[in-house]
**Q** 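What follows is a structure written as structure tokens; I'll ask about it next.
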Amino acid sequence: MSEERFSLIVPKIKQQYIYNLLKKGKRLDNRKFDEMRPIKIKTGIIPNAEGSAEVHLGDTIVLTGVKISVTNPYPDQPDKGTLIVNSEFPPVASPDFEPGPPDENAIELARIIDRGLRKPEAIDFSSLCIIPGKKVYGVWVDIYVLNHNGNLVDAAGISTLAALLNTKYRKAEVNQQGEVVLKEELINLKVINYPIYLTFGKILDYILFDMNLEEEAMSQCKLTTIISGGGKICGLQKSGIGYFTPEELDYIIKKSLSMYQSVKDLILKNVNI
Amino acid sequence: MSEFKRKDGRAYNEIRPLKAEVGILKNADGSAYFEIGNTKVLAAVFGPREYHPKHEASLQEGIVRARYHMTPFSVKERKAPTLSRREIEISKLIKEVFNTCIKRDLFPRTAIDVYIEVLNADGSTRVASINAVTLALVDAGIFLYDLVSAVSVGKVNGQLVVDLTGEEDQISEADMPIAMMPSKKRFVLLQLDGELTYEEFNSLLKMGMEAINKIYEFQRNCLKSKLEEYLKFYGQI
């Protein structure tokens with residue numbers, strides 16, 4: 001129930017300057033309205049994790065670790081692996097973050113990322129079955145924000161995708177006693193669908209892509225679109241205080257669909273597997 | 001398309017029967033009960049009242065806080081009464097919806113607390129909650145820019161449908177809750193879980209907006225009859 005307004009306060013004079021720039025079609029960091037900040041991806045940096053990736057989106061840094069271990073399947077999907085997505089906003093990332101269990105923003109972030117992975121089957125969950133109905137691999141995705149400078153969702157999405165692409169887990173065999181034994185042999189996690197998270201925000205009547213923290217603090221609301229392979233919309237989340245008109249929605253959806261390929265290529269180029 | 005019938009006999013664009021009652025809880029400043037099919041929701045509004053803790057209050061405007069909660073008996077398998085991650089996310093979204101729709105600069109330094117209890121869940125609980133809260137806020141006499149009406153749309157067995165039941169939601173390929181301020185066509189809540197093409201998304205949005213208009217009419221009528229009741233009781237002013 002805590003009310004987390006941005007403690008980042010953008011001075012009125014700077015706000016006015018940013019508004020004036022927007023009216024001229026410009027942003028403070030010289031980007032176009034639909035331009036992403038530069039991204040940098042480092043994969044496999046956590047040796048103990050089955051997969052990991054650190055993503056820099058401008059000054060936003062998100063580290064994602066993937067752990068895989070043997071677990072029980074969900075009762076309604078006995079022959080599929082499980083997925084749990086969690087995210088934390090540790091106090092290292094921002095003066096606004098406090099220690100403690102994930103707050104509503106961290107929970108929302110994890111649930112948005114989850115949405116792009118679960119129903120669109122980004123991972124081949126069937127390949128994670130060991131003994132149907134008894135033992136499967138569980139995939140734990142843990143998202144850690146290391147530096148908060150806006151647009152955590154897109155950065156978390158990229159780092160999750162990069163970490164999954166980089167994930168290798170130990171092969172399991174079932175012995176004569178029916179027990180699961182893990183071998184030394186490593187298998188690559190089968191990522192079969194690449195969800196791309198694209199977040200647009202609204203300041204005045206302008207729609208901006210990939211807002212930084214200052215812009216976020218000034219924005220009314222955001223819409224995250226999740227686009228999957230084949231040009232399908234596989235998730236949406238509107239958040240923040242404000243509204244979108246039907247025209248704005250249509251613009252954002254069309255824009256996301258047209259941006260999907262280029263953003264995906266950009267990520268894959270940087271992942272270099 | 002019009003030949004298509006759903007498991008409960010509804011047409012693809014038909015919403016379940018609606019029922020609502022306004023002002024049913026005496027202790028709350030505003031309250032409402034809202035029912036859509038077997039989804040039954042109770043909402044209470046307290047405030048505008050003093051904000052606690054005080055240092056978090058805003059000098060410019062009142063702040064809406066919301067708690068969406070499902071009762072342990074509202075679902076088939078007993079649910080733990082503590083707030084789940086899902087409930088925390090929905091509470092956040094509902095809070096944001098009403099922070100958008102209330103003219104909050106009328107009551108600076110205050111809190112408007114919105115409490116929602118889902119009594120029985122059969123799909124579309126978050127949109128039913130939003131419909132209930134809107135009625136409760138009007139009952140509390142709080143200034144809204146417009147009523148908020150909400151509905152869920154989705155894709156079940158390849159068919160685009162309006163107002164998903166719990167069973168439909170379970171097997172659905174996509175589920176999209178929408179909330180709007182209908183008179184100005186402003187979207188205040190939009191979520192999607194599942195895959196849709198651009199064309200499907202647009203038809204669902206259109207179907208949703210039609211259903212929302214029906215719910216809007218229903219809410220207005222409901223509030224009108226409540227007002228008539230009050231006027232009868234207190235006499236014409």
Side-chain angles (χ1 to χ4, degrees), chain A residues 1-5 7 75-76 84-87 101-112 114-116 118-121 193 195 220-250 252-254 256-258, chain B residues 51 53 56-58 61 63-67 83-93 95-102 104 111 113-115 145-146 148 170 172-181 184-198 200-202 205-206 209:
Chain A
M1 290 269 304
S2 74
E3 171 63 28
E4 72 330 299
R5 270 154 302 131
S7 70
D76 56 335
I84 291 173
V85 184
N86 183 46
S87 81
D103 69 348
E104 54 183 22
N105 298 299
I107 290 171
E108 188 189 26
L109 173 68
R111 288 178 59 86
I112 296 173
D114 185 284
R115 211 166 290 160
R118 195 178 300 273
K119 260 195 187 168
E121 301 226 355
N193 197 351
Q220 295 137 52
C221 53
K222 296 185 284 185
L223 181 69
T224 299
T225 60
I226 312 171
I227 311 292
S228 64
K232 282 191 168 180
I233 311 159
C234 67
L236 288 172
Q237 176 98 338
K238 185 237 156 211
S239 72
I241 298 169
Y243 62 85
F244 285 106
T245 62
E247 294 75 32
E248 287 165 345
L249 276 187
D250 192 55
I252 293 173
I253 302 280
K254 274 193 184 142
S256 321
L257 288 168
S258 69
Chain B
Y51 199 107
E56 283 180 10
S58 163
E61 54 202 7
I63 294 170
V64 181
R65 300 183 286 194
R67 179 179 182 268
L83 281 192
S84 66
R85 289 161 63 89
R86 176 180 167 276
E87 288 169 303
I88 293 172
E89 188 205 352
I90 294 176
S91 301
K92 176 181 186 282
L93 294 172
K95 177 184 84 180
E96 290 171 347
V97 165
F98 290 101
N99 271 311
T100 308
C101 305
I102 293 174
R104 293 182 294 134
D113 288 314
V114 167
Y115 299 115
Y145 291 111
D146 191 5
V148 192
Q170 284 275 313
S172 71
E173 290 102 84
D175 164 31
M176 182 162 85
I178 310 171
M180 286 178 87
M181 293 194 270
K184 287 212 166 141
K185 292 205 170 87
R186 290 175 171 175
F187 290 91
V188 287
L189 176 123
L190 179 67
Q191 283 184 287
L192 166 67
D193 187 10
E195 283 186 303
L196 290 177
T197 62
Y198 176 68
E200 286 170 336
F201 169 77
N202 273 335
L205 213 55
K206 219 170 129 199
M209 280 158 81

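By convention in this document, chain letters (A, B, ...) are assigned in the order of the sequence lines, proteins followed by strands, and residues within each chain are numbered from 1.
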**Q** Using a 4.5 Å cut-off on heavy atoms from C-beta on, say whether the side chain of B:E195 contacts that of A:N193.
**A**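 Yes, their side chains come closer than 4.5 Å.
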
**Q** In terms of heavy-atom pairs under 4.5 Å, which option from B:V97, B:L189, B:I88, B:N202 contacts chain A the most?
**A**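 Most pairs with chain A among the choices: B:I88.
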
**Q** Need one label for B:L196: side chain, backbone, both or neither, based on atoms under 4.5 Å from any heavy atom in chain A.
**A**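 It is both, since atoms from each part get that close.
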
**Q** A:I112 versus chain B, heavy atoms under 4.5 Å apart: side chain, backbone, both or neither?
**A**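 Looking at A:I112, nothing touches chain B.
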
**Q** Does the side chain of A:D250 reach to within under 4.5 Å of the side chain of B:Y198, using non-hydrogen atoms?
**A**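 A:D250 vs B:Y198: side chains touch.
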
**Q** Would you say the side-chain atoms of A:K238 pair up with the backbone N or O of B:V188, donor to acceptor, closer than 3.5 Å?
**A**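 Yes; at least one donor-acceptor contact below 3.5 Å.
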
**Q** Mind checking the CD-CG spacing from A:Q237 to B:L93? Nearest 0.5 Å is all I need.
**A**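 Taking CD in A:Q237 and CG in B:L93, the distance rounds to 5.0 Å.
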
**Q** Quick one: pull up NZ in B:K95 and OG in A:S239 and give me the separation to the nearest 0.5 Å.
**A**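 With rounding to 0.5 Å, NZ (B:K95) is 10.5 Å from OG (A:S239).
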
**Q** Which bit of A:I227 is near chain B, if near means a heavy-atom gap under 4.5 Å: side chain, backbone, both or neither?
**A**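 Answer is neither: A:I227 stays 4.5 Å or more from chain B.
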
**Q** Could you measure the distance from the SG atom of A:C221 to the CG atom of B:L190? Nearest 0.5 Å is fine.
**A**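 Going from SG on A:C221 over to CG on B:L190, the span is 10.5 Å.
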
**Q** What's the shortest heavy-atom distance between A:R111 and B:R85, and which atoms?
**A**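 Nearest pair, atom of A:R111 first, then B:R85: CD-O, 3.9 Å.
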
**Q** Find out whether B:R104 and A:I241 are in side-chain contact, i.e. whether some heavy atom of one side chain is under 4.5 Å from a heavy atom of the other.
**A**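 B:R104 reaches A:I241 side chain to side chain.
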
**Q** Is any side-chain heavy atom of B:D193 closer than 4.5 Å to a side-chain heavy atom of A:R118?
**A**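 They are not in contact (no side-chain heavy atoms under 4.5 Å apart), so the answer is no.
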
**Q** Under a 4.0 Å N-O cut-off, is there an ion pair linking A:R115 with B:E89?
**A**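 Between B:E89 and A:R115 there is a salt bridge, with a charged N closer than 4.0 Å to a carboxylate O.
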
**Q** Are the side chains of B:E200 and A:I233 in touch, meaning some heavy atoms are under 4.5 Å apart?
**A**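 SC-SC contact between B:E200 and A:I233 ruled out.
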
**Q** Is it the side chain or the backbone of A:K119 that comes within 4.5 Å of chain B heavy atoms, both, or neither?
**A**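 For A:K119, the side chain is the part near chain B, not the backbone.
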
**Q** Counting only heavy atoms closer than 4.5 Å, note whether A:N86 contacts chain B via side chain, backbone, both or neither.
**A**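 Both backbone and side chain.
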
**Q** Are B:F201 and A:L236 side-chain neighbours, meaning at least one heavy-atom pair lies under 4.5 Å?
**A**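 Sidechains of A:L236 and B:F201: in contact.
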
**Q** With rounding to the nearest 0.5 Å, note down the distance linking CG in A:N105 to NZ in B:K92.
**A**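 Atom-to-atom, A:N105:CG and B:K92:NZ are 5.0 Å apart.
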
**Q** Can you tell which part of B:L205 gets under 4.5 Å to a heavy atom of chain A, answering side chain, backbone, both or neither?
**A**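 Contact with chain A is through the side chain of B:L205 alone.
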
**Q** Which residue out of B:M180, B:R186, B:R86, B:M181 racks up the most heavy-atom pairs below 4.5 Å with chain A?
**A**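 Of the candidates given, the most pairs with chain A belong to B:R186.
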
**Q** Heavy-atom distance under 4.5 Å to chain A: side chain of B:T197, backbone, both or neither?
**A**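 Both parts, backbone and side chain.
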
**Q** For the pair B:E96 (side chain) and A:G240 (backbone), establish whether a donor and an acceptor sit closer than 3.5 Å, ignoring hydrogens and angles.
**A**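 The answer is yes, because a donor-acceptor pair under 3.5 Å joins these two groups.
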
**Q** Quick check on B:S172 against chain A: is it the side chain, the backbone, both or neither that has a heavy atom closer than 4.5 Å?
**A**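 Contact with chain A involves both backbone and side-chain atoms of B:S172.
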
**Q** If you measure from CD1 on A:I226 to CG on B:L192, what distance do you get to the nearest 0.5 Å?
**A**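 Nearest 0.5 Å value for the CD1-CG distance: 8.0 Å.
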
